[in-house]
Amino acid sequence: MICESLNCRRTADALEALSHDARDSENLRVPRVFKELCTQHILITERLDGIRLDHYLAGRRPERDDNTDSSSTVDGHVPDELARHLVEIWLSQTFTGSLMPIELRADQLVVRSSTEIAIVDGTFLTLPRVAKGNLLNYFCANASDEPSKALKSLLREFDTTHCKVSESVLDRQFRQVVAFRDGGWEDGGRANCLSDTLFAQWRLAARYGYRPLRHLAQTYRGTFHIAHLARQLAPHRDSFLEGVQDLRLTKLLHDIGTMMQPSYWGGQVDRLSFLPISIPGFLNDALWSIDNSLELQGRSLRDSAVQPKRSNGHLLVGLVTIAISLQFFDIKDLIKPFLTEISAAVGFVVVGLWLIRYLTK
């Protein structure tokens, strides 16, 4: 194939690294690269079976209108599922992979099955490790509607040398952002998605002199590319938001699991005193992330006519706090062998909390 990038050898290296990341992935496939045959202007790769995404979109475009059901199958594939898997692949590569795709066009993606998509070309960037953590927190905070928390993470990736307002002023502006009003859209807000909110925030920060670092600008570029493709596949759903919600839930559960490992504390008993305070917050966020994710997918177990307020969950969190605090009542005498019992107690509380939530419905 003729490579469109300035240096096909560099693209070959990127695909090789991407292939290494995709070894344990069920959704991503990368063709084998024959580097010995590649030149600066020609890229030789394995040919993969499937339909190119641009051909797939062209095949379903005449049938699509405002009333189209995006869950109907086309060529044996469900557009909603493809959009979700596409977003999951991008998020996984961005925050856990070695390379972040910053430009993926429809002609650079091959749909191999309802669950597997191949990347055969594209533009990629290595995202610094610290930036990955900041941007992951930024995305997750926006997905849970916490603009102030999102701003704190985002500001670490801005050059504030020429800023015209203080952080407190920008924070107030962030909390007032409305995507369809501040983004300049012409569709009346019908496509008011998470990516639109991210764009409105970026536009607001730029207006006050906050300059994004290079990798942040490229991350926005990749975000808008993937959100646009997902919207083409599933125009009536916010697949990007759903993907970030799932990522946030995975992160919360991972953090809880890490805190339950004896090696996490490293013999520092003093740090254990923070566990009764931090664990309930993690559990509360995790449970509400699950609830939001199910609601977004239309699989919520709650009756839509009854919407319990979030504050009701605070009573349950209080019970968890009391139960865990009892385990740490005499923290001075706490020794390492008891960590297993504490982990079991916390696990029991988690199961009990689940039962309480469902039984009270």
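Just so you know, residue 1 is the first one in the sequence shown, and it goes up from there.
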Notebook entry, point to check: Ignoring hydrogens and geometry, is there a side-chain-to-backbone donor-acceptor pair from Arg112 to Asp49 under 3.5 Å?
Noted result: yes
Note to self: Do Trp90 and Val87 make a side-chain contact, defined as non-hydrogen atoms from C-beta onward lying under 4.5 Å apart?
What the structure shows: no
Check: Do Leu154 and Tyr210 touch side chain to side chain, with heavy atoms closer than 4.5 Å?
Finding: no
Next item on the list: Kindly give the heavy-atom pair with the smallest separation between Leu170 and Ala205, and that separation in Å.
Entry: CD1-CA, 4.3 Å
Next item on the list: Report yes if the side chains of Leu104 and His225 come closer than 4.5 Å at any heavy-atom pair, otherwise no.
Entry: no
Notebook entry, point to check: Hey, any chance Trp202 and Leu213 share a hydrophobic cluster, counting ILVMFWY side chains that come within less than 4.5 Å of each other, even indirectly?
Noted result: no
Note to self: With heavy-atom distances below 4.5 Å as the criterion, would you say the side chains of Leu57 and Leu233 are in contact?
What the structure shows: yes
Next item on the list: Output the distance between atom NE2 (His215) and atom OG1 (Thr126), rounded to the nearest 0.5 Å.
Entry: 12.0 Å
Next item on the list: Considering only NZ, NE, NH1 and NH2 on the basic side and carboxylate oxygens on the acidic side, decide whether Asp54 and Arg105 come within less than 4.0 Å.
Entry: no
Notebook entry, point to check: What distance separates Thr94 OG1 from Leu125 CG, expressed to the nearest 0.5 Å?
Noted result: 9.5 Å
Note to self: Please check if the number of heavy atoms outside Lys152 that lie under 6.0 Å from its NZ is greater than 12.
What the structure shows: no
Next item on the list: Assess the side chains of Glu157 and Asn134: does a donor N or O sit below 3.5 Å from an acceptor N or O?
Entry: yes
Notebook entry, point to check: Does the side chain of Val177 come within less than 4.5 Å of Gln173's, by heavy atoms?
Noted result: no
Margin query: Using a 3.5 Å distance criterion without hydrogens, assess whether the side chain of Lys149 forms a donor-acceptor pair with backbone atoms of Cys140.
Written below: no
Note to self: Set out, in order, the CA-CA distance, both residues' side-chain angles and the distance that settles side-chain contact (heavy atoms from CB on, under 4.5 Å) for Ile89 and Ile117, then state yes or no.
What the structure shows: CA-CA 9 Å; Ile89 288 172; Ile117 298 175; 4.0 Å; yes
Checklist line | Student check: side-chain heavy atoms of Pro101 and Gln93 closer than 4.5 Å | finding: yes
Next item on the list: Measure from the side-chain N and O atoms of Asn137 to the backbone N and O of Gly133, and report whether any donor-acceptor pair falls under 3.5 Å.
Entry: yes
Next item on the list: Apply salt bridge (charged side-chain N to carboxylate O under 4.0 Å, His left out) to the pair Arg84 and Asp80, showing each step before the final yes or no.
Entry: CA-CA 6 Å; Arg84 190 66 175 270; Asp80 278 6; over 6 Å; no
Note to self: In this structure, is the centre-to-centre distance between the rings of Phe95 and Phe139 below 6.0 Å?
What the structure shows: yes
Margin query: I'd like to know whether Leu151 forms a side-chain contact (heavy atoms from CB on, under 4.5 Å) with Tyr138, so could you lay out the CA-CA distance, the side-chain angles of the two residues, the decisive distance to 0.1 Å, and finally the verdict.
Written below: CA-CA 7 Å; Leu151 176 61; Tyr138 169 62; over 6 Å; no
Check: Is there a donor-acceptor contact under 3.5 Å from the side chain of Ser19 to the main chain of Leu15?
Finding: no
Item checked: Where at least one partner belongs to residues 10-29, residue pairs that pass salt bridge (Lys or Arg N to Asp or Glu O under 4.0 Å), sequence neighbours excluded -> Asp13-Lys35, Glu16-Lys35, Arg29-Glu46
Item checked: Distance-minimising heavy-atom pair for Leu194 and Ala143 -> CD1-N, 4.4 Å
Notebook entry, point to check: Does a donor on one side chain and an acceptor on the other come within less than 3.5 Å for Asp159 and Thr161?
Noted result: yes
Note to self: Are Leu48 and Leu43 connected into the same hydrophobic cluster when the rule is that any two of I, L, V, M, F, W, Y join if their side-chain heavy atoms are below 4.5 Å apart?
What the structure shows: no
Checklist line | Test log, rule side-chain contact (heavy atoms from CB on, under 4.5 Å), inputs Thr219 and Met100 | finding: CA-CA 8 Å; Thr219 302; Met100 174 185 67; 3.6 Å; yes
Check: Any donor and acceptor pair, going by atom type alone, linking the side chain of Thr39 with main-chain N or O of Ile42 inside 3.5 Å?
Finding: yes
Notebook entry, point to check: Taking all atoms of both residues into account, what is the closest heavy-atom pair of Arg231 and Ser195, and its distance?
Noted result: NH2-OG, 3.4 Å
Check: Nearest 0.5 Å, what's the CD1-CZ distance between Ile44 and Phe34?
Finding: 9.0 Å
Next item on the list: Might you point out which heavy atoms bring Arg207 and Lys164 nearest each other, and give the distance in Å?
Entry: O-NZ, 4.0 Å
Next item on the list: Kindly compute the distance separating CG (Leu82) from OG (Ser114), expressed to the nearest 0.5 Å.
Entry: 6.0 Å
Checklist line | Close side-chain approach of Ile119 to Phe124, heavy-atom, < 4.5 Å | finding: yes
Checklist line | Distance, nearest 0.5 Å, that separates CG of Leu53 from OH of Tyr56 | finding: 8.5 Å
Next item on the list: Answer yes or no: is there a side-chain heavy-atom contact under 4.5 Å between Arg175 and Pro147?
Entry: yes
Check: Can you tell me if Ser144 uses its side chain to pair, donor with acceptor, with the backbone of Ala141 under 3.5 Å?
Finding: yes
Next item on the list: For side-chain contact (heavy atoms from CB on, under 4.5 Å), just list the numbers for Leu127 and Lys132, CA-CA rounded to whole Å, side-chain angles, deciding distance to a tenth of an Å, and then say yes or no.
Entry: CA-CA 7 Å; Leu127 195 62; Lys132 286 184 179 183; 3.6 Å; yes
Notebook entry, point to check: Out of curiosity, Asp238 CG to Cys193 SG, how far, rounded to the nearest 0.5 Å?
Noted result: 4.0 Å
